[in-house]
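One-based numbering along the sequence shown. Everything quoted here is computed from the prediction, not taken from an experiment. Hydrogens, waters and symmetry mates play no part in the numbers below; they use all other heavy atoms, side chains included.
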Amino acid sequence: MKKIVLLAAAAVLVAATAVYPTFFGSTSYAAADVDSAAMADQSGADWLSHGRTYAEDRFSPLDQIGTGNIGNLELAWYADLDVGGEIESTPIVAKGIIYTTGTYGVVFAIDGRTGKQLWRYDPGAQARGATIPAWGRNRGVAMWKGKIYVGAADGRLIALDAGTGKPVWDVQTFDPKIPYTITGAPRVFDGHVIIGQGGGDKATRGFASSYNAETGKLEWRFWLVPGNPADGFESDAEKMAAQTWNGEWWKFGGGGNPWNAFAYDPELRLVYIGGGNGGPWGRNARSPGGGDNLFVSSIVAVNVDTGKYAWHYQTTPGDQWDYTATQDIILADLPVNGEQRKVLMQAPKNGFFFVIDRANGKLLSAKPYVPVTWASGYDLASGRPIEVPGARGDAGPFQLSPSWLGGHSWQPMSFNPVLNYAYIPFIDASMSYEETPVGQWKFNPLGGMDTSVRIGLPQNMKGGIVAWDMVNQREVWRKYLPVGVAGGTMATAGGLVFQGTGEGFMVAYDAKTGAEVWRRDAGSGVIGGPASYSVDGEQYIVATAGMGGAYALMSAFDSQKFGWRYGEGRRVLAFKLNGKAKLPPRPAPPAVEASPPDPMKLTGNALIDKGSLVYHTYCVDCHGPSAVSPGGYPDLRHTGMLPALEKIVIDGALVPNGMPAFSHMTRDELDALRAYLQSRHLPGR
């Protein structure tokens, strides 16, 4: 979740998997390379990795459920998850057992036939330290040879016995004193566990690591941003990247954190890593005088065995708009200009859909899939964007599209290899953007304060799903969703595309035409990626529910009208033909409350205005703008804990419950925060 800089106050407000053989010219699996569960994946019965295959295509070859019988798809079972916060995980499935996560890396094993919980593992990440970021969200697990792998919010990579949930090994992947966190799902590529981390908004230094799946031993580490030249560089790639930076960038870290996107080509033996935004946001703050700032907002290909650099492509040179390249990376073989090419596809936040040769990194196509104002296109010869003058905000406020929400956030996209269509959960929004003059900004990584740029609230927000013809690089169809909260997508051989919605439904579209053919209640917002599996001859569609995502936070006032509340509606749902289960009734929507004040306007009360600045620096990431929660975390307009605010916020009384401590907050800041929350207080509930 990103922050929102207040213009008025100039402050911060934000597997084991088998390769699907037809995509790589293979017709069989090498038994030595995968475990017995992966062998079954040829039929699509299992969903063994975050994106189902090494190619991360999120395409199920199962076709029992199709356009002809989709009307008979009903709820088979549901399983409540005893966690709070935002549920964003994609379930994986092996031999009829579902493995998924709640917040902070809590892992659940569930019987895919009945929904019965088989085991639960809690790594206790929220209680291991008061300084970890308040990002309890977790997007899933990986699997390899009888082990389940999870990244906990406190930085541990943990291997569990798939049968019992007991820990086998764990390693600390980063220094817990540095404000990194893990929110993404690990991947296992041929026995190598790949994990990244978040923290670019705290201006940490991003890196990806590989661990031995059997022992947990660190195999290699690839830094997305170079370190201090005085310490020497660890690789030629790092030395090369340093030539694109200026000043003393290493004092702030630089960003580039690869917190979500990984894919793997076993023939080329290349792992593809999606790099995050620059940190601090403002390029002149972290790299005075400019520069491309490699490998910020880049896709980097490295050897799976050694981590050695092969090539890179930077989607947004010199990023200063939070235009990450951490969105899904999908691999496929496609005809491009009449020639069959091994390609890599990505729809990153900057609004362009990229097709890249995955063997050498050459740009083949870049077309906008949402409205874009920062660049008019890409020059295919150089691979660089054609920037619009003023887009960097150096000549005053610029109306920027996409906003910092991106044209596509982390919600997974999918790919149908029969139609050669990609299905992107998109966001259409703009914002006011301006660069802060050098010397007039400040940065506090622990508080999340970054005033290196001045940005407004995203405006005119819309969202939904767009089908993109990969061969002709054009839109085929587009659907808009209420509130604009668009969940991840999954395509199937039954000619369907499944997607969850923020207002609490599972929806299916005809993959070719975009006609909505099915809709069922999910009881809460669905933001993660659906999956499909087969057990006992029956195909299931499975997803996790529990409101989440940056867009949901930004549209919190709309989301609350659906009745989402903290700690309610977190569950796994499975659908099959002629299912008989029923969800509990939806909670009644609360009475309409007063619209939240515009956080960019000051009240004239110095203490309350300072408290708004403190709130939108420390608290907004979880509790929402203007203290309006979309349901992932408590709505502080109704809190009764203001008398105990010091014990909670500074002393960390609720750290075991997932509420981090801000021990560096001053007494004056605390008093101002209390005054602001008192001004926002509403009775009841």
Side-chain angles (χ1 to χ4, degrees), residues 15-17 35 37 46-52 78-112 114-128 132 135-173 181-188 193-197 211 213 216 259-260 527-529 531 533 542-546 548 567 570-574 656-658:
T17 179
D35 65 0
D46 297 328
W47 189 287
L48 293 166
S49 184
H50 188 61
R52 200 189 79 83
Y78 68 90
D80 288 323
L81 303 178
D82 55 339
V83 292
E86 303 169 356
I87 306 300
E88 301 184 351
S89 57
T90 296
I92 67 171
V93 190
K95 299 180 180 179
I97 306 300
I98 295 170
Y99 303 92
T100 194
T101 56
T103 45
Y104 291 98
V106 177
V107 184
F108 298 86
I110 297 169
D111 188 316
T114 65
K116 178 183 177 182
Q117 181 175 301
L118 302 177
W119 54 257
R120 178 185 189 273
Y121 172 77
D122 186 348
Q126 65 271 38
R128 278 174 49 87
I132 64 172
W135 295 353
R137 57 187 68 105
N138 187 285
R139 298 188 180 98
V141 298
M143 183 179 190
W144 181 259
K145 295 188 176 180
K147 297 183 184 66
I148 301 297
Y149 303 88
V150 63
D154 59 9
R156 285 173 296 156
L157 177 64
I158 305 168
L160 307 173
D161 183 285
T164 65
K166 303 296 184 183
V168 178
W169 55 256
D170 71 86
V171 295
Q172 184 69 41
T173 66
T181 190
I182 293 178
T183 60
R187 311 297 201 276
V188 184
V193 188
I194 311 297
I195 190 70
Q197 79 299 118
Y211 293 86
W259 48 267
N260 182 62
I527 206 75
Y533 65 96
V542 62
T544 57
R570 279 65 183 157
R571 53 175 63 102
V572 181
L573 308 106
N657 295 345

Please list, chain by chain and in numerical order, all residues satisfying side-chain hydrogen bond (donor to acceptor under 3.5 Å, both in side chains) with [X], sequence neighbours excluded.
X: Asp80; value: Arg571
X: Asp111; value: none
X: Tyr99; value: none
X: Ser89; value: Thr100

Is a side-chain donor or acceptor of [X] paired with a backbone partner of [Y] at a separation under 3.5 angstrom?
X: Trp119; Y: Ala162; value: yes
X: Thr181; Y: Ala153; value: yes
X: Arg156; Y: Pro123; value: yes
X: Trp47; Y: Ser49; value: yes

- Note on the structure: Shortest non-hydrogen pair, Ile182 vs Gln197, comes out as CG1-CB, 4.3 Å
- Minimal heavy-atom distance between Gly115 and Ala79, with the atoms involved, is O-CB, 3.4 Å
Residue pair [X] / [Y], side-chain heavy-atom distance below 4.5 Å:
X: Val193; Y: Trp144; result: no
X: Tyr121; Y: Ile148; result: no
X: Thr544; Y: Pro91; result: yes
X: Val83; Y: Arg120; result: yes

Rounded to the nearest 0.5 Å, what's the gap from [atom1] on [X] to [atom2] on [Y]? Could you check?
X: Asp46; Y: Ile98; atom1: CG; atom2: CD1; value: 11.0 Å
X: Ile92; Y: Arg52; atom1: CD1; atom2: CZ; value: 13.0 Å
X: Ile110; Y: Ile97; atom1: CD1; atom2: CD1; value: 10.0 Å
X: Asn138; Y: Thr103; atom1: CG; atom2: OG1; value: 8.5 Å

- Note on the structure: Contacts of Asp170 meeting salt bridge (Lys or Arg N to Asp or Glu O under 4.0 Å) (sequence neighbours excluded), chain-then-number -> none
- Task: Assess whether side-chain contact (heavy atoms from CB on, under 4.5 Å) is satisfied between Phe108 and Val572, documenting all intermediate values.
- Result: CA-CA 10 Å; Phe108 298 86; Val572 181; over 6 Å; no
- Test side-chain contact (heavy atoms from CB on, under 4.5 Å) on Val141 and Leu160 and set out the steps. CA-CA 10 Å; Val141 298; Leu160 307 173; over 6 Å; no
- Item | Name of the residue among Ile527, Asn260, Thr90, Ile87 meeting side chain to side chain contact (heavy atoms under 4.5 Å, CB included) with Arg139 | Asn260
- Those residues at least two apart in sequence (or on a different chain) that pass ring pair (Phe, Tyr, Trp, His ring centres under 6.0 Å) with Tyr533 are Tyr540
- Task: Keeping to residues at least two apart or across chains, list the ring pair (Phe, Tyr, Trp, His ring centres under 6.0 Å) pairs with something in residues 151-171.
- Result: Tyr149-Trp169
